[in-house]
Amino acid sequence: MRVFKLMGVDTVFLTNAAGGLNQDYKVGDVMILKDHINMPGFAGTNPLAGPNDERFGVRFPPMSDAYDRELRRLARAAAADLGYDDFLREGVYCVLGGPAFETIAECRMLQQLGADAVGMSTVHEVLVARHSGLRCFALSLITNRAVMDYESRETANHEEVLETGRRRAQQLQELVSTMVARMESHNNNNNKTC
Ligand SMILES: O=P(O)(O)O[C@H]1O[C@H](CO)[C@@H](O)[C@H]1O
Ligand SMILES: Nc1nc2[nH]cnc2c(=O)[nH]1
């Protein structure tokens with residue numbers, strides 16, 4: 001993220017595969033991140049720990065505005081125009097350290113804490129990006145449903161994650177490229193009026 005910042009990048013798009021905790025979510029849904037829970041951060045694991053590099057940002061950066069409101073609005077509009085409303089969601093992503101998938105008790109706890117999806121990435125990058133003042137937009141593909149029921153015979157597995165990723169890849173590409181095209185056209189129009 002810091003190299004991007006030094007290269008003059010101002011906005012980053014992040015994507016991940018995640019397990020669905022929200023009982024309304026289905027495998028194949030695409031969730032716009034509106035917020036996150038940084039579980040490793042509760043135990044002091046944060047990429048911003050250690051001496052602050054003032055060239056990039058302040059010691060105590062806010063995170064209540066981590067996921068850009070305007071880009072989320074743009075994503076909802078682009079998804080509606082592409083006919084993706086049926087599988088578009090907006091919710092809270094919780095990061096855990098991995099690499100093991102969650103226990104049933106952990107999934108139940110995360111759901112009660114307000115998380116809609118659980119994964120192992122993205123939040124570290126967002127913390128560093130926001131510290132540097134980059135605008136962030138992130139999407140989770142719900143690749144599997146978190147196992148929440150002691151009667152269930154299902155288990156999370158990486159093959160299902162990869163398979164769901166392959167199934168939605170083209171639509172995710174379409175969503176991101178439509179957003180980027182609209183951002184470019186917006187920027188060009190603004191430059192003309194300046
Ligand atoms: O977060 P990404 O890398 O998209 O992938 C998620 O899916 C993988 C597990 O199947 C883990 O790598 C987890 O972090
Ligand atoms: N932690 C976690 N990461 C995932 N990545 C894809 N699915 C999952 C999941 O169920 N849990």
Side-chain angles (χ1 to χ4, degrees), residues 1-4 11-48 63 66-68 71-72 75 79 84 87-130 134 136-177 179-180:
M1 292 300 149
R2 289 179 173 176
V3 172
F4 285 159
T11 302
V12 289
F13 279 39
L14 301 105
T15 62
N16 63 57
L21 295 163
N22 186 317
Q23 294 303 286
D24 293 337
Y25 286 11
K26 294 186 292 299
V27 170
D29 283 354
V30 173
M31 184 186 88
I32 299 168
L33 272 69
K34 70 172 177 199
D35 205 349
H36 70 226
I37 298 174
N38 177 21
M39 198 58 86
F42 293 1
T45 304
N46 186 310
L48 300 175
M63 284 296 146
Y67 299 91
D68 190 86
L71 292 174
R72 287 191 279 129
Y84 293 173
F87 60 86
L88 191 80
R89 312 285 190 167
E90 190 157 3
V92 176
Y93 175 86
C94 179
V95 65
L96 300 188
F101 288 112
E102 296 67 43
T103 65
I104 293 172
E106 286 165 348
C107 289
R108 290 178 167 202
M109 180 193 77
L110 296 178
Q111 189 197 37
Q112 289 206 1
L113 290 179
D116 296 296
V118 57
M120 310 177 195
S121 69
T122 305
V123 170
H124 319 80
E125 291 89 339
V126 167
L127 288 164
V128 177
R130 292 302 298 146
L134 295 173
C136 289
F137 172 76
L139 292 172
S140 287
L141 174 62
I142 306 300
T143 52
N144 56 290
R145 278 166 58 90
V147 182
M148 312 275 266
D149 176 1
Y150 283 101
E151 299 303 314
S152 171
R153 294 291 171 97
E154 281 176 53
T155 54
N157 69 86
H158 191 55
E159 260 321 303
E160 184 183 8
V161 172
L162 296 177
E163 177 51 34
T164 311
R166 283 190 280 270
R167 272 203 294 119
R168 273 282 186 249
Q170 205 179 340
Q171 283 157 313
L172 275 168
Q173 280 173 28
E174 196 65 41
L175 177 58
V176 170
S177 53
M179 288 178 68
V180 171

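In each ligand, atom 1 is the first atom listed, and ligand 1 is the first ligand listed. All residue numbers in this chain count up from 1 along the given sequence.
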(message) Please report whether ligand 1 has a polar contact with Tyr93, defined as an N or O pair separated by less than 3.5 Å (distance criterion only).
(response) no
(message) Taking distance alone, with N or O pairs closer than 3.5 Å, would you say Ser121 contacts ligand 1?
(response) yes
(request) Would you please test Met31 and Glu90 for side chain to side chain contact (heavy atoms under 4.5 Å, CB included) and show each step? (result) CA-CA 5 Å; Met31 184 186 88; Glu90 190 157 3; 5.6 Å; no
Can you tell me which residue and heavy atom of the protein come closest to [atom], and the distance to 0.1 Å?
{"atom": "atom 8 (C) of ligand 2", "result": "Gly19 N, 3.4 Å"}
{"atom": "atom 3 (N) of ligand 2", "result": "Gly119 CA, 3.4 Å"}
{"atom": "atom 14 (O) of ligand 1", "result": "Met120 CB, 3.1 Å"}
{"atom": "atom 9 (C) of ligand 1", "result": "His158 ND1, 3.5 Å"}
{"atom": "atom 1 (N) of ligand 2", "result": "Glu102 OE2, 2.6 Å"}
{"atom": "atom 6 (C) of ligand 1", "result": "Ala17 O, 3.5 Å"}

Minimum side-chain heavy-atom gap [X]-[Y] below 4.5 Å:
{"X": "Thr164", "Y": "Leu141", "value": "yes"}
{"X": "Arg130", "Y": "Leu134", "value": "no"}
{"X": "Arg167", "Y": "Glu163", "value": "yes"}
{"X": "Leu21", "Y": "Cys107", "value": "yes"}

Show the atoms of ligand 2 that are less than 4.0 angstrom away from any heavy atom in [X].
{"X": "Val161", "result": "6 (C), 7 (N)"}
{"X": "Thr143", "result": "6 (C), 7 (N)"}
{"X": "Ala18", "result": "5 (N), 6 (C), 7 (N), 8 (C)"}
{"X": "Met120", "result": "1 (N), 2 (C), 3 (N)"}

(request) With Ile37 as reference, evaluate Val92, Val123, Val95 under the side chain to side chain contact (heavy atoms under 4.5 Å, CB included) test and give the passing residue. (result) Val92
(message) Within ligand 1, which atoms have a heavy atom of Asn16 less than 4.0 Å away?
(response) 1 (O), 4 (O)
(message) Show the atoms of ligand 1 that are less than 4.0 angstrom away from any heavy atom in Val161.
(response) 7 (O), 10 (O)
(message) Angle between ring planes, Tyr67 versus His36, binned at 30° and 60°: parallel, tilted or perpendicular?
(response) perpendicular
(request) Could you tell me the separation between the CD atom of Glu154 and the CE atom of Met148, rounded to the nearest 0.5 Å? (result) 12.0 Å
(message) Let me confirm one number: the CG-CG distance from Leu175 to Leu88, rounded to the nearest 0.5 Å.
(response) 7.0 Å
(request) Establish whether atom 12 (O) of ligand 1 and some protein heavy atom are separated by less than 4.0 angstrom. (result) no
(request) Work out which heavy atom in Val118 is nearest to a heavy atom in Tyr93; give both atom names and the distance. (result) C-CE1, 4.2 Å
(request) Considering non-hydrogen atoms only, spot the tightest contact between Glu125 and Met1 and give its length. (result) O-CG, 3.5 Å
(request) Using a 4.0 Å heavy-atom cut-off, say whether Asn144 meets ligand 2 through its side chain, its backbone, both or neither. (result) side chain
(request) Give the contacting part of Ala146 toward ligand 2: side chain, backbone, both or neither, where contact means a heavy-atom distance below 4.0 Å. (result) neither
(message) Does the structure place the NZ or CZ of Arg108 under 6.0 Å from the centre of the six-membered ring of Tyr150, at an angle of no more than 45° from the ring's axis?
(response) no
(message) Any heavy atom of Ala17 closer to ligand 2 than 4.0 angstrom?
(response) yes
(request) Examine ligand 2 and decide if any of its atoms is less than 4.0 Å from a heavy atom belonging to Val118. (result) yes
